[in-house]
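Reminder, nothing fancy here: chain letters follow the sequence lines and each chain counts from 1.
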Amino acid sequence: QPNTTAPSATTTSAPSGATQPLKIVASTSWVGAFAKAAGATDITIIAPSSVQHPPDYDPKPSDLQAVADADYVLYAGFEGFAPRLQEAVGGSAERLLTVQTENSPAVIKAEVLRLSDLFGTRPHAEAFLTRFDAEYTRLSQDVRTAIGAQTPIVVSQAFVVPWVGFAGLEPAGVYGPAPLTPEELATLTKAQPRFIFENVHMGGGQPIAEATTATVINLINFPDADLDLLAVFQKNADTLKSALGTTP
Amino acid sequence: MNSVEFIDLLRLLPVQRAIIALIVAGSAFPIIGVWIMGLNILPVRFAMMHVALFGIALGLLLGIEPTLIALLVCGASGASLAPLAHRPAGLAGPMGIVMTMAIASALLLLSQTGINANGAFELLWGSILATRQSDLIVLVVVSIGILGVYGWQRRDIALLLYDREIALCSGIAVDRLTMGLLIIIALSIAAAVRLTGALLVDAITILPAIAARNLGQSLGSMIAWAMAIGVVGNLVGFCLTLMFNQPPGPMLVITVGCITILSYLRKEPV
Amino acid sequence: MNSVEFIDLLRLLPVQRAIIALIVAGSAFPIIGVWIMGLNILPVRFAMMHVALFGIALGLLLGIEPTLIALLVCGASGASLAPLAHRPAGLAGPMGIVMTMAIASALLLLSQTGINANGAFELLWGSILATRQSDLIVLVVVSIGILGVYGWQRRDIALLLYDREIALCSGIAVDRLTMGLLIIIALSIAAAVRLTGALLVDAITILPAIAARNLGQSLGSMIAWAMAIGVVGNLVGFCLTLMFNQPPGPMLVITVGCITILSYLRKEPV
Amino acid sequence: MTMLWTEATAISAQPARLIIEQLVCRYGATCVVDHVDLALNPGDHVALIGGNGSGKSTVLRAIMGFHPISSGTLVLDQQTIHPRTKRANQYRHIAWMPQRQTLGHFPLRVRELLERSGNVRLAIQAAAHLAVDQLMDRPMQTLSGGQIQRIFLARAIGSLGAGAGLLLADEPTAALDFAGQTVVADVLASLPVTMLVVTHDRAVVARCQRVLEMAGGSLRELAV
Amino acid sequence: MTMLWTEATAISAQPARLIIEQLVCRYGATCVVDHVDLALNPGDHVALIGGNGSGKSTVLRAIMGFHPISSGTLVLDQQTIHPRTKRANQYRHIAWMPQRQTLGHFPLRVRELLERSGNVRLAIQAAAHLAVDQLMDRPMQTLSGGQIQRIFLARAIGSLGAGAGLLLADEPTAALDFAGQTVVADVLASLPVTMLVVTHDRAVVARCQRVLEMAGGSLRELAV
Ligand SMILES: Nc1ncnc2c1ncn2[C@@H]1O[C@H](COP(=O)(O)OP(=O)(O)OP(=O)(O)O)[C@@H](O)[C@H]1O
Ligand SMILES: Nc1ncnc2c1ncn2[C@@H]1O[C@H](COP(=O)(O)OP(=O)(O)OP(=O)(O)O)[C@@H](O)[C@H]1O
Ligand SMILES: [Mg+2]
Ligand SMILES: [Mg+2]
Ligand SMILES: [Zn+2]
């Protein structure tokens, strides 16, 4: 449903559209990384990656200014401040886009292409995806190699399930984001996992570790301020290699 | 930040709206704050946020407009406290029950139904910088309502907060008045959280009222103090917000909070 | 859920530890709850969580062990209330200030320094199902400490909570005792949140105490009631948790909360 | 100071008739008012005396509806007082002086208390006669024991001025200085309404037409 | 009932000497105790009378340290009373009966109050003499006005039994029934300690050796 032509606000405020990069405001660094991958260059992040609960974020005056000046405001859907700020400053509601954030190749590919069509930066996005595919395959292979022939049993927090596939494994169980119930704990414990893929941003898997002596592997989803999505894959690959690789 | 940027910010419509909102709400909501002090239900803002969360979860579950359900549940929880007001231990305990039971029920409902908690939280979100035209209108209406109720019932309220039995034997319908106040408090707090942000509600209700309790010698003078501190403190805090580019909620709470702490220097409050 | 599964759950080490924790903490923390009622600082659990968050942010910023700083800041904030206890408006106002100012400062500090708040929140997180051996030991030590202080000072505490002037002219060092109680309350609540989870703290402190305020006729009998409700209510709630497969925090709050609501059926508390 | 209070004539109320039959009040299991009968004719000034803890205040508080009635009936001017319903309306018919002059939970100025008494003008005149009219802008919390008591009497007189035909006063002279004891006893005597006054003050008893004594929850009339 | 209280001989305290010089107490700008001098010799029983609002309670509360002293000195048995420091220790030297018998903020049983009076045994004996020993297990909040006053006198006697040499009593007979007024006046007269008693009760005044009158913040001694 997103419009492929830039909204009128942009064309009127920036008549020399070809030379001036689009101003993108992203709710979080994760959303920002998708925009960057799609080819945006002028990206302002509202909630820094340090904010645990994006729904709670209290924007600053500079955030308001950024939204007022933005060509597009991107958010993941649950950050109430993004649509409210956009509505408060007025202007076309079409500037506001939701982006599905998930670190799986399929979602990344779909969302990056969709955004690039909007930004008019398709070639950049395709170049990124080519690089991404190669990197993903390489890093994923490294992890699989480190694991070796065995297939350790893992359970995973709901929002880091894609990393289980990344490691070439199947999750024996999933928990979160709600707190564990005793039955979940019992079921997940009974699965006798060797590893727990924990979402470092939310937590919640510690009781399983307690009950099973499984190793907790802390995985990230949000990139740093450099908005480098590939760095997230690099970092998690390293984490996974050193954790899974040490299995006897 | 230099002055040019400050002026730039003032040109933004939401910033102008925020200033109007701070003046309007800052002069009406401290009245609510003083009632809250008098009824000894200071954590009501926390309680209402959690009751609202429960209402939202319920609304999402039933497929009815969640903010409506949230308001209804907030009003009902306020009303449900009224019959306990005459007890020797007062309303602090019942408010504590509402607060903890609401969180627990909300979490249970969310975990039961698998509703995305983020979506529920999102509906509770507000910020003074994100005040829309429609928000401002609602805020003005609510504020005028509060001022009206106070103007109309202030003598009875003064006696009620002083002593329930004396109010009763002065011919005041104590139960009805208590329930009315509790419902107004619950609804306006719930609305204000959504319209202006949670922390701002603290800065315009509770904190000015705590300061006024130290400074005023009657309901009238306390409310005058609270309104003055509400408006002035929040405008000063908002200027600091703009000047130092800080999140407004925390900044306003800290500004008004400092004034409140200073009010404790007054030696002999009544 | 059938009985086999129930027995299965009881075989889990975390479940066994949770039961011990509920018995131990459930019999000591209600004492803290009654003190909290007596000092009229019911939202202390909320306040301490946010004070702790501020302390953690500070610790992360300074590179010092964050949980240590959090405990220190909690203790200090408790102590800072003591000089205000003799004011006519009591401690409810000061506790309100601590609560709102702590959230605001924590948010400001986090937003200022770009500290990873995930770490900060993580350190506050606790769940009764995640109680480790070491947590249990700390909990037992804290609980014994609370029981010890109460046994040792209970006559003085009874008079202090009854009336400060009467306590003073009975030769009680009122200021010191108030400060001691506030520090103990602040520290144990902060520790318990970390060890057992926030909601569980409500279920073992505030709720039993509110019920006991309706049922007991003296500090001693209130504490007996609170302990009974704390232990029994939480064990029942935990069984329900296991039987109906619910998150323990909300389930325990709801169970004990229902008992507390029932306590209001008693007509004439003192 | 000891002259009769002339403004009392401004009280327009019709003296009320109060009939109490078989009144029983309990605290939990203990019965502190035990099947009490009592009839006050319009204009009667009745002293209610009796040992400490004999149940005098409980009787008054039951009439006011502040204490639940276990059984029995209260009839004020042919109207049965329902302990639960339409209370706010009934209070306008009874002026009340409590034994424990509460300091209140929240600041309130003397003026605000008197303004809501029913008849401000008369209440302020009464305050002037009782020498506490200079305290109008003071918070109740800052008054001395005797000053509070005088203000509460002024408030009760304001209620009488607004049409209450019955005054219930619980130890109205307890905290007063020597002069005040006489003044208040005289003011009470001059009020043209029905009055039931609990007292341990012989001067007040002496000015009443009837004396009832309470003991162990029961009431008997003393020959005066 | 009106006999002297024999257990008073169990009070072991050394009667105290209290010297007050140029005491000034204010509420905000108003000066309610205005350069008051007062000397109590050991064993003196002194009545403090005066109009309502004249500052009597404030003087007593200042001695107790409950009201701040603007200027002046208080010396108890050669020891200057510092309004701020080591308060808890000094309270053991003064027995206190407040004017407003607080109902308290939290339940407390009578027994618990007396247990912490200093000398439980004596306090309970006094309660028995004052006919309130059957109330030991009752919460303070459930007592009648006169019952509370009796319990507070018993508490003060407990303090005397623990060595306090000075009794400060603020209107100790205000809420008492006829018999109680006499009993308490007699008990007070029998106490072998220094005593400063604020009262509006002629029977209590008559049993004191000295009478001071307060008016407008100033004190003068009346010839008895
Ligand atoms: N909650 C309660 N539980 C048990 N007994 C109570 C309670 N409240 C009051 N009482 C008792 O009821 C009796 C009557 O009390 P009331 O206040 O009516 O006495 P009174 O005649 O007014 O005494 P006084 O002259 O001292 O004011 C007293 O013995 C009192 O101890
Ligand atoms: N906070 C205050 N601000 C101003 N004046 C006050 C305050 N508190 C008390 N007062 C005044 O101080 C004076 C002295 O009060 P105090 O209680 O000492 O009187 P008292 O002699 O004990 O009177 P009573 O016989 O009525 O008990 C009174 O006139 C009172 O109104
Ligand atoms: Mg009485
Ligand atoms: Mg006095
Ligand atoms: Zn949050």
Side-chain angles (χ1 to χ4, degrees), chain B residues 33 36-37 40-47 83-84 87-90 92-112 198-199 201-203 206-207 209-211 213-214 244 246-247 249-258 260-261 263-264 268-270, chain C residues 33 36-37 40-47 83-84 87-90 92-112 198-199 201-203 205-207 209-211 213-214 246-247 249-258 260-261 263-264 268-270:
Chain B
I36 290 172
M37 278 294 284
N40 194 18
I41 47 169
L42 270 126
V44 65
R45 195 273 284 170
F46 288 79
L84 302 173
R87 296 218 147 210
M95 180 52 70
I97 299 179
V98 166
M99 182 158 66
T100 49
M101 291 287 273
I103 318 171
S105 316
L107 289 180
L108 214 54
L109 202 61
L110 289 172
S111 107
Q112 268 312 282
L199 278 182
V201 173
D202 291 335
I206 306 300
L207 290 175
I210 297 175
R213 183 74 179 77
N214 289 330
F244 297 109
Q246 295 295 326
M251 205 63 195
L252 293 173
V253 165
I254 296 215
T255 312
V256 183
C258 289
T260 308
I261 290 171
S263 76
Y264 277 90
E268 285 160 24
V270 225
Chain C
I36 290 172
M37 280 294 284
N40 194 17
I41 48 169
L42 270 124
V44 64
R45 196 272 285 167
F46 288 78
L84 302 173
R87 296 218 148 210
M95 180 51 70
I97 300 180
V98 166
M99 181 159 65
T100 51
M101 291 286 273
I103 313 170
S105 315
L107 289 180
L108 214 55
L109 200 62
L110 290 173
S111 109
Q112 266 313 283
L199 279 182
V201 173
D202 290 336
T205 55
I206 306 299
L207 291 174
I210 296 175
R213 182 75 179 78
N214 289 330
Q246 297 296 325
M251 204 61 196
L252 293 173
V253 165
I254 299 222
T255 313
V256 183
C258 289
T260 308
I261 289 171
S263 76
Y264 278 89
E268 287 160 22
V270 227

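When all heavy atoms of C/Ala89 and B/Arg213 are compared, the pair lying nearest together is CB-CG, 3.7 Å. The two residues C/Pro250 and B/Leu107 make their nearest non-hydrogen contact at CG-CB, 3.8 Å.
Here C/Ile254 is the residue among C/Ile254, C/Leu207, C/Ile103, C/Thr260 with the most heavy-atom pairs under 4.5 Å with chain B. Options B/Ala211, B/Ala209, B/Gly93 differ in how many heavy-atom pairs under 4.5 Å they form with chain C, and the most are formed by B/Gly93. Ranked by heavy-atom pairs shorter than 4.5 Å toward chain C, the options B/Met251, B/Met37, B/Met99, B/Arg87 are led by B/Arg87.
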Donor-acceptor pairs are to be reported for all side-chain atoms of residues 40-47 of chain C against protein atoms at under 3.5 Å, with residues two or more places apart or in another chain.
from	atom 1	to	atom 2	distance (Å)
C/Asn40	OD1	B/Asn40	ND2	3.4
C/Asn40	ND2	B/Asn40	OD1	3.4
C/Arg45	NE	C/Asp202	OD1	3.0
C/Arg45	NE	C/Asp202	OD2	3.4
C/Arg45	NH2	C/Asp202	OD2	2.6

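Under the rule for a side chain to side chain donor-acceptor pair (under 3.5 Å), the partners of B/Ser263 that lie at least two apart in sequence or sit in another chain are B/Asn214.
With a 4.5 Å cut-off on non-hydrogen atoms, B/Leu199 touches chain C through its side chain but not through its backbone. Residue contact with chain B, scored on non-hydrogen atoms closer than 4.5 Å, involves the backbone and the side chain of C/Ile97 alike. Heavy-atom distances place no part of C/Met95 under 4.5 Å from chain B, backbone and side chain included. Heavy-atom distances place no part of C/Leu252 under 4.5 Å from chain B, backbone and side chain included. Residue C/Ile206: no heavy atom, backbone or side chain, is found under 4.5 Å from chain B.
Side-chain contact check for B/Tyr264 versus C/Pro94: some heavy-atom pair is nearer than 4.5 Å.
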